[in-house]
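Reading through the structure tokens given below for one structure.
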Amino acid sequence: MPELPEVETSRRGIDPHISGRRVVRTVVRQNRLRWPVSEQITTVLPGLQITHTSRRGKYLMLHTDAGTLLVHLGMSGSLRIVDPQEPPRVHDHIDLIFEHGIAVRYHDPRRFGAMLWTADDPMQHALLSHLGPEPLSINFDGAYLYRRSRGRKVPLKSFIMDSQVVVGVGNIYANEALFLAGIRPLTEAGKLSRMRCDRLAEQIKLVIARAIEVGGTTLRDFVGGDGQPGYFRQSLNVYGRGGQPCLVCGGTLTELRVGQRSTVFCRRCQR
DNA sequence: CGAGCAACCTGCATGC
DNA sequence: TGCATGCAGGTTGCTC
């Protein structure tokens, strides 16, 4: 599930339940995620207060005075606020149990996610230090895209999905943003005109901002993920619609693979 | 350095 | 019904 909007929705969902609250206990039922779950989650975190939460790209951060918990949801991860007494379901790998009798429960069938502790400035962490700008920040615009894309021969879609270029543009939103900008995904990144860089940056911002808005109203109490209705799905123009008619021109949407990822676009609307 | 691709896992849809 | 296959929203890290 998680692209940037889902991660931000998850952060907003859990934040009011845990900010300012103390962790009293943690339970790690499965420590084999993408990397082994940091032992500090058991040895250091209990007793510490979560001062606040934040997000960088698709990484969630739970801050304490002694360090930061980095959480990544991978491809199938989700968070829920639960009663710690509630029996865990399959793939409920980790509980962070709080003083006031609630728990943040991490669920991840494919275990592509991560739960890592860092005592230092989290932004200096190897996973975060090379990340590109946030798509909704003023640092991300057409001028930036133009500058970064010069000389690059990769397909434009792969380029905007590169987290070193800009964070948070996953497969769904890459497809959607390119459709809205009217640009074909296989366009060589380095050949994109300055004007089209403006259009693309603008559509990336719009599609992500809208998804956060919708996710925020639909998911409210927590999560982002499994079992939740496909809230953003109804507003998708191309993703998952290969072979079906384009909602704008009626032409048949083309589906192919770009960098091993399913890619859908309209030959007529996108040039 | 850039580009392409395998790999990490499980669940689910599809087709024989 | 059972089984094999392929695919899934992410990211790292390998090879060339």
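The structure presented is a predicted model; accordingly, all values stated were derived computationally and were not measured. These values consider heavy atoms only, across backbone and side chains, with no hydrogens, waters or symmetry-generated copies. Chain identifiers are assigned alphabetically (A, B, ...) following the order of the sequence lines, protein sequences preceding nucleic acid strands; residue numbering begins at 1 within each chain.
Consecutive pairing runs in DNA chain C reach the stem threshold at B:2-8 with C:10-16, B:10-16 with C:2-8, where a stem means at least three Watson-Crick or G-U wobble pairs with distances under 3.5 Å.
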* salt bridge (Lys or Arg N to Asp or Glu O under 4.0 Å) evaluation trace for Arg56(A) with Glu134(A) -> CA-CA 8 Å; Arg56(A) 179 73 177 96; Glu134(A) 291 286 325; 3.0 Å; yes

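Proximity note for Lys58(A) (side chain, C-beta onward) versus dG9(C), dT11(C), dA8(C): the nearest is dT11(C). The nucleotide whose nearest atom lies closest to any side-chain atom of Arg110(A) is, among dA8(C), dG10(C), dT11(C), dA8(C).
Relative ring orientation between His63(A) and His52(A) is described as parallel, the plane-to-plane angle staying below 30° on a 0-90° scale split at 30° and 60°.
The separation between Lys157(A) atom NZ and dG9(C) atom P is 8 Å, rounded to whole Å. Atom CG of Leu33(A) is separated from atom C1' of dT11(C) by 14 Å (rounded to the nearest Å). Atom pair Met75(A):CE and dG6(C):C1' shows a separation of 13 Å (rounding to whole Å applied). As a whole-Å value, the separation of Ile172(A) CD1 from dG9(C) C1' is 5 Å. Here dT11(C) presents its C1' atom at 13 Å from CG of Leu128(A), a figure rounded to the nearest Å. Rounded to whole angstrom, the span from the CZ atom of Arg257(A) across to the C1' atom of dC7(C) amounts to 7 Å. As a whole-Å value, the separation of Ile208(A) CD1 from dG9(C) C1' is 13 Å. Rounding to whole angstrom units, CZ of residue Arg261(A) and P of dT12(C) are separated by 13 Å.
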Donor-acceptor pairs under 3.5 angstrom involving side-chain atoms of residues 31-44 of chain A: please list them, not counting sequence neighbours.
{"from": "Ser38(A)", "atom 1": "OG", "to": "Trp117(A)", "atom 2": "N", "distance (Å)": "3.0"}
{"from": "Thr43(A)", "atom 1": "OG1", "to": "Glu39(A)", "atom 2": "O", "distance (Å)": "3.2"}

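Through side-chain heavy atoms spaced under 4.5 Å, either directly or across other Ile, Leu, Val, Met, Phe, Trp or Tyr residues, Phe265(A) is tied to Leu186(A), Leu256(A), Val258(A). Other cluster members for Val27(A): Val24(A), Ile97(A), joined by side-chain heavy-atom distances under 4.5 Å among Ile, Leu, Val, Met, Phe, Trp and Tyr.
Comment: Asp141(A) does not engage Lys205(A) in a salt bridge, judged by the lack of any side-chain N to carboxylate O separation of less than 4.0 angstrom.
Using a 4.0 Å cut-off, no side-chain N or O of Ser76(A) falls inside it from OP1 or OP2 of dG9(C). Under 4.0 angstrom from either OP1 or OP2 of dG10(C) there lies no side-chain N or O belonging to Arg34(A). For Tyr173(A) and dG9(C), the shortest distance from a side-chain N or O to OP1 or OP2 is not below 4.0 Å.
Contacts of Glu8(A) classified as side chain to side chain donor-acceptor pair (under 3.5 Å), with partners at least two apart in sequence or in another chain: Arg11(A), Arg12(A), Arg55(A). Partners of His125(A) under the ring-ring contact (aromatic ring centres under 6.0 Å, His included) rule, at least two apart in sequence or in another chain, do not exist in this structure. Applying the side chain to side chain donor-acceptor pair (under 3.5 Å) test to Arg21(A) and every residue at least two apart in sequence or in another chain returns nothing. Not counting sequence neighbours, Ser137(A) has no partner by the side chain to side chain donor-acceptor pair (under 3.5 Å) test.
Looking at heavy-atom distances under 4.0 Å, Arg152(A) makes contact with sugar-phosphate atoms alone, never a base. Using a 4.0 Å heavy-atom distance criterion, Phe159(A) is classed as making no nucleic acid contact. Residue contacts for Ser158(A): at a heavy-atom cut-off of 4.0 Å it reaches no nucleic acid atom on any strand shown.
For residues 183-198 of chain A, the pairs satisfying salt bridge (Lys or Arg N to Asp or Glu O under 4.0 Å) are Lys153(A)-Glu188(A), Glu188(A)-Lys191(A), Arg194(A)-Asp198(A), with sequence neighbours left out.
Between Ser78(A) and His107(A) the shortest side-chain heavy-atom distance falls below 4.5 Å. Put simply, the side chain of Leu96(A) reaches to within 4.5 Å of the side chain of Leu69(A), judged on heavy atoms.
Using atom C1' as the reference point in both dG6(C) and dA6(B), the two lie 16 Å apart (nearest Å). The gap from the P atom of dC9(B) to that of dC14(C) amounts to 16 Å, rounded to the nearest Å.
With DNA chain C read from its 5' end, the first of the two nearest nucleotides for Glu255(A) and Leu127(A) is the one closest to Glu255(A).
Each of Val169(A), Leu136(A), Leu178(A) was checked for a side chain to side chain contact (heavy atoms under 4.5 Å, CB included) with Ile204(A), and the lone residue meeting it is Val169(A).
Applying a 4.0 Å cut-off to non-hydrogen atoms, none of the residues of residues 160-168 of chain A approaches DNA chain C. Contacts between residues 112-124 of chain A and DNA chain C, defined by a heavy-atom separation below 4.0 Å, involve Phe112(A), listed by number.
Heavy atoms from other residues, nucleotides or ligands lying under 6.0 Å from CZ of Arg268(A) number 12 at most.
Heavy-atom contacts of chain A under 4.0 Å fall on DNA chain B between two terminal nucleotides, which in 5' to 3' order are dG2(B) to dG11(B).
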